[in-house]
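Here's the structure we're looking at; comments come further down.
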Amino acid sequence: LGKCWHQQQIAAFSEIRKSYHRYEDFLEKVFKLACKKYAPQAIVDTRTKTLPSFAEKAIRKLPKSETIQDLTTPTKWKNFFDPVNEFTDLCGARVITKTQYEVERVCEFILRNFTIDEVNSEDKRSELKHDQFGYLSVHYIVQAQDRQEILGVPVPSGIGQLKAEVQVRTLLQHARADVSHDNLYKHQFKVPEKWHRDMARLAARLEAADREFTRFVESLDAFAADCVAYLSKDQIEE
């Protein structure tokens, strides 16, 4: 019966996956439009979880106090672990900006235009203590419920109650996450503490570099704005 429970979950996700694909397309259009205003050179990446990835995660995330063998009858399935309805990352978008200032602007856009699942959303920036350095990223769990459109993009029918994960981070935060976070925390074995310390040192350097890079870009933008404001067209061209 445990195998039947797993197959039932996969079949249920396969059936609803078309709705998540429509959600993915909607998110891609909305965030590309938003980034034209708030983060012109941002990278927007969207995805819908694959069936193999869903199947693997359904097993990996089984409650520790339970096992599939505990599903002795199909009547117990509804009160048990229900990944297809409980997972909040079956669809997602990632917005990678140049600077932290652009992260803030994109986050403000999300808060204004989507319903946020506060319980499952995370702001890693606020979770670290003042003397800690680590994974920095904002993860919102969003819904498009009660909206007819966002930025002129119609909300597809059937997705209003579905949830999606939206990550917002800078280029250097993405580099840190992409290169190291998965390697440290997604293995099936415990990584020795030495490498955690090494990663903490690298994280501190990346955070400092990210701050300096933001300061550099903002200063350059301010310089360009001054040129436009105070110089003639001929002077600007010269």
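Positions are given from 1 along the sequence.
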Sub-3.5 Å donor-acceptor pair from the side chain of [X] to the main-chain atoms of [Y], do we have one?
X	Y	answer
E102	K98	yes
E86	D82	yes
Q143	Q161	yes
S14	I10	no
Q148	V155	no
R105	A39	no

| task | Following the transitive rule for hydrophobic clusters with a side-chain heavy-atom cut-off under 4.5 Å over Ile, Leu, Val, Met, Phe, Trp and Tyr, establish whether V44 and Y101 coincide in one cluster. | result | no
| Side chains of E165 and N120: do they bring a donor and an acceptor to under 3.5 Å? | no
| query | Between S19 and R22, is any side-chain donor less than 3.5 angstrom from a side-chain acceptor? | reply | yes
When you look at [atom1] of [X], are more than 12 heavy atoms from neighbouring residues, nucleotides or ligands closer to it than 6.0 Å?
X	atom1	value
E237	CD	yes
Q235	CD	yes
Q145	CD	yes

Please name the pair of heavy atoms, one in [X] and one in [Y], separated by the smallest distance, quoted to 0.1 Å.
X	Y	result
L162	Y23	O-CE1, 3.3 Å
N113	R147	O-NH1, 3.0 Å
C107	Y140	CB-OH, 3.6 Å
H6	A55	NE2-O, 3.0 Å
I141	S121	N-OG, 2.9 Å
Q167	R169	OE1-NH2, 2.8 Å

Please tell me if the side chains of [X] and [Y] come closer than 4.5 Å, counting only heavy atoms from C-beta onward.
X	Y	answer
R60	E56	yes
R94	R47	no
V142	I110	yes
V166	F114	no
T97	Y38	no
I43	V95	no
R17	T48	yes

Working to the nearest 0.5 angstrom, can you tell me the gap between [X] [atom1] and [Y] [atom2]?
X	Y	atom1	atom2	value
Y20	F26	OH	CZ	15.0 Å
L111	E108	CG	CD	8.0 Å
T99	L172	OG1	CG	11.0 Å
D25	T46	CG	OG1	7.0 Å
N85	Q9	CG	CD	7.5 Å

| L151/F109 under side-chain contact (heavy atoms from CB on, under 4.5 Å): CA gap, chis, key distance, verdict | CA-CA 11 Å; L151 295 183; F109 167 79; 3.7 Å; yes
| task | Evaluate the ring planes of F13 and F54, with Trp represented by its six-membered ring, and classify them as parallel (under 30°), tilted (30 to 60°) or perpendicular (over 60°). | result | parallel
| F87 six-ring face occupied by K57 cation (under 6.0 Å, within 45°) | yes
| Salt-bridge criterion met for D89 and K163 (N-O under 4.0 Å) | no
| said: I96 vs T170, test: side-chain contact (heavy atoms from CB on, under 4.5 Å). Steps then yes/no. | reply: CA-CA 5 Å; I96 304 170; T170 67; over 6 Å; no
